[in-house]
2 protein chains.
Amino acid sequence: MLSYTEENYLKAIYHLSSGGEHEVSTNSIAESLQTKAASVSDMLKKLSVKELVEYRRYKGVNISEEGKKEALKIIRKHRLWEVFLVNNLKFNWDEVHEVAEQLEHIKSPLLIKRLDEFLGYPSFDPHGDPIPDEYGVIKDKAKILLKDLEEGNEAIVVAVSDDNPAFLQYCSKLGIKIGTPLKAIDKLEFDNSMQLLLDGDQKINVSKEVSENIWVTD
Amino acid sequence: MLSYTEENYLKAIYHLSSGGEHEVSTNSIAESLQTKAASVSDMLKKLSVKELVEYRRYKGVNISEEGKKEALKIIRKHRLWEVFLVNNLKFNWDEVHEVAEQLEHIKSPLLIKRLDEFLGYPSFDPHGDPIPDEYGVIKDKAKILLKDLEEGNEAIVVAVSDDNPAFLQYCSKLGIKIGTPLKAIDKLEFDNSMQLLLDGDQKINVSKEVSENIWVTD
DNA sequence: ATATTTTTTTAGGTTAATCTAAATTTATAT
DNA sequence: ATATAAATTTAGATTAACCTAAAAAAATAT
Ligand SMILES: [Mn+2]
Ligand SMILES: [Mn+2]
Ligand SMILES: [Mn+2]
Ligand SMILES: [Mn+2]
């Protein structure tokens, strides 16, 4: 049985490695989990003994197949709970992440099976992130960062970063949500901001920071 | 902020003292939480410093008003989650307690407010236990233990113990649920078992153990 | 190639929650 | 009233997760 903390480490490693594609540095894990590198080193040894990661000192870690499976289970729970909170408990999309961070650690296979059923087997969470199925399989949409959308091109918002409430509130204020159609009117060199046309009528300017936290159809 | 463990101690003390009515012994807490008396002594000192209990060594503890408030918050969450699991996720009444033991520690006032609203402000959980309102006020029904129902008297099942899945499954098998009308036909001296008439037609015999874990209308 | 900087690990502690064994207090029995 | 038993506390360890400071390895710059 994994501890709450071990689960959070695995999830962080999974995300930082883009789904297990590459190795992850000690410092990046420390930053992501708001802890110190020394603590990370300790935990990596522990996870390595449990064969959830492959770890060679000074070389970073790779998540193992078993570790990936565990990470995906937690991510699945996190996203299903977010759907529940938004769809059924009327939470705003900026209010769910923190609560889901707690709910994702509840251990009950039956609970997650029934929750999935209750929600109607959703494929995406309120921020457009794909929900792994019970086998850990993810079916995501092709997408690019808004900042990489070329001038003159049109696209639809398919996902947003989910862990910064202020950012999500700002998106709501701007009128940006999942499904919003937009067009890149202009990209400004000096501050990397973008001029957008929202819903075909609303003209707005978004900063580099914003355009790096929104994904649109490819 | 209370730790998971502190919350469990407070809840145990609250229950063992019948809602703060009397003091509780170190050993009874240890037994209830499946831990050792030495561990309990340590924790009681901690809770005492936080003024959640009044503790005099060798004399047992009393829960404080503040401690009672915290305990009731956890009990409220526990029972609301049990309602959700049974009513919405189709859990059986014997499957919910263990999961609720985890869910009761989720910290989010908004979550519990919205869950209560979503469930339609239920007053009782699936085992007939009253759900404290947001101020910690409990409106319970007058009830007696089935074993204290006098021969010849009729009554209705209003509550059952909720922490033993095997007991709850056995109740289901016997046809005993919340709302079941029954009559005490006979009480046998030698083994303290009871003969009951269920729903006016079904004749069954229940052991002392069973009749001590079912409550009926007074 | 060597010096400097950055990253990572190790060494040695701390805290919360737990344990066993020993000491102490309280309760019970004769 | 005293001896014995039971309940409780204290002493001293252990474990998981964390920390700071020092040491070691790897990366970078000249
Ligand atoms: Mn999230
Ligand atoms: Mn999300
Ligand atoms: Mn319960
Ligand atoms: Mn219950």
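Naming: A, B, ... by sequence-line order, numbering from 1 per chain.
Summarising the geometry, the separation between CZ on B/Arg56 and C1' on C/dT26 is reported as 13 Å, rounded to the nearest angstrom. Rounded to whole Å, atom C1' of D/dT15 lies 13 Å from atom CG of A/Asp42. Between the CE atom of B/Met43 and the C1' atom of D/dT10 there is a distance of 17 Å, given to the nearest Å. The CG atom of B/Leu33 sits 13 Å away from the C1' atom of C/dT18 (whole-angstrom rounding).
At the phosphate of C/dT10, neither OP1 nor OP2 sits under 4.0 Å from any side-chain N or O atom of A/Ser41. Note on A/Lys45: every side-chain N or O is 4.0 Å or more away from OP1 and OP2 of C/dT9.
Nucleotides of DNA chain D nearest to B/Tyr55 and A/Gln34 differ in position, and the one nearer the 5' end is that of B/Tyr55.
For the pair B/Glu212 (side chain) and B/Lys147 (backbone), a donor-acceptor distance under 3.5 Å is absent. Side chain of A/Lys77 to backbone of A/Ile106: a donor-acceptor contact under 3.5 angstrom is found.
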For residues 50-60 of chain A, please give each side-chain donor-acceptor pair under 3.5 Å, one per line with the distance, not counting sequence neighbours.
residue: A/Lys50; atom: NZ; partner: A/Glu6; partner atom: OE1; Å: 3.2
residue: A/Lys50; atom: NZ; partner: A/Glu6; partner atom: OE2; Å: 2.8

Under 3.5 Å donor-acceptor pairs involving side-chain atoms of residues 113-128 of chain A, not counting sequence neighbours:
residue: A/Arg114; atom: NH1; partner: B/Leu89; partner atom: O; Å: 3.0
residue: A/Arg114; atom: NH1; partner: B/Lys90; partner atom: O; Å: 2.7
residue: A/Asp116; atom: OD2; partner: A/Arg76; partner atom: NH2; Å: 3.1
residue: A/Glu117; atom: OE2; partner: B/Lys90; partner atom: NZ; Å: 3.4
residue: A/Asp125; atom: OD1; partner: A/His127; partner atom: N; Å: 2.7
residue: A/Asp125; atom: OD1; partner: A/Gly128; partner atom: N; Å: 3.1
residue: A/Asp125; atom: OD1; partner: A/Asp129; partner atom: N; Å: 3.0
residue: A/His127; atom: ND1; partner: A/Glu82; partner atom: OE1; Å: 3.0
residue: A/His127; atom: NE2; partner: A/Trp93; partner atom: O; Å: 2.8

Report all side-chain donor-acceptor pairs from residues 28-36 of chain B shorter than 3.5 Å, counting only partners two or more places apart or in another chain.
residue: B/Ser28; atom: OG; partner: B/Ser25; partner atom: N; Å: 3.4
residue: B/Ser28; atom: OG; partner: B/Ser25; partner atom: O; Å: 2.8
residue: B/Ser28; atom: OG; partner: B/Ser25; partner atom: OG; Å: 3.1

Polar atom pairs between nucleotides 20-29 of chain D and protein, under 3.5 Å, N or O only, would you list them?
residue: D/dT20; atom: OP2; partner: A/Lys36; partner atom: NZ; Å: 3.4

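A distance of 6.0 Å or more separates the ring centres of B/Tyr4 and B/Tyr9.
A heavy atom closer than 4.0 Å to some atom of DNA chain C occurs in A/Ser25, A/Thr26, A/Asn27, these being the qualifying members of residues 4-31 of chain A.
Here OG1 of A/Thr26 is found 11.0 Å from CD of A/Glu23. Values are rounded to the nearest 0.5 Å.
Among residues two or more places apart in sequence or in another chain, the side-chain contact (heavy atoms from CB on, under 4.5 Å) test is passed with A/Gln169 by A/Asp94, A/Pro165.
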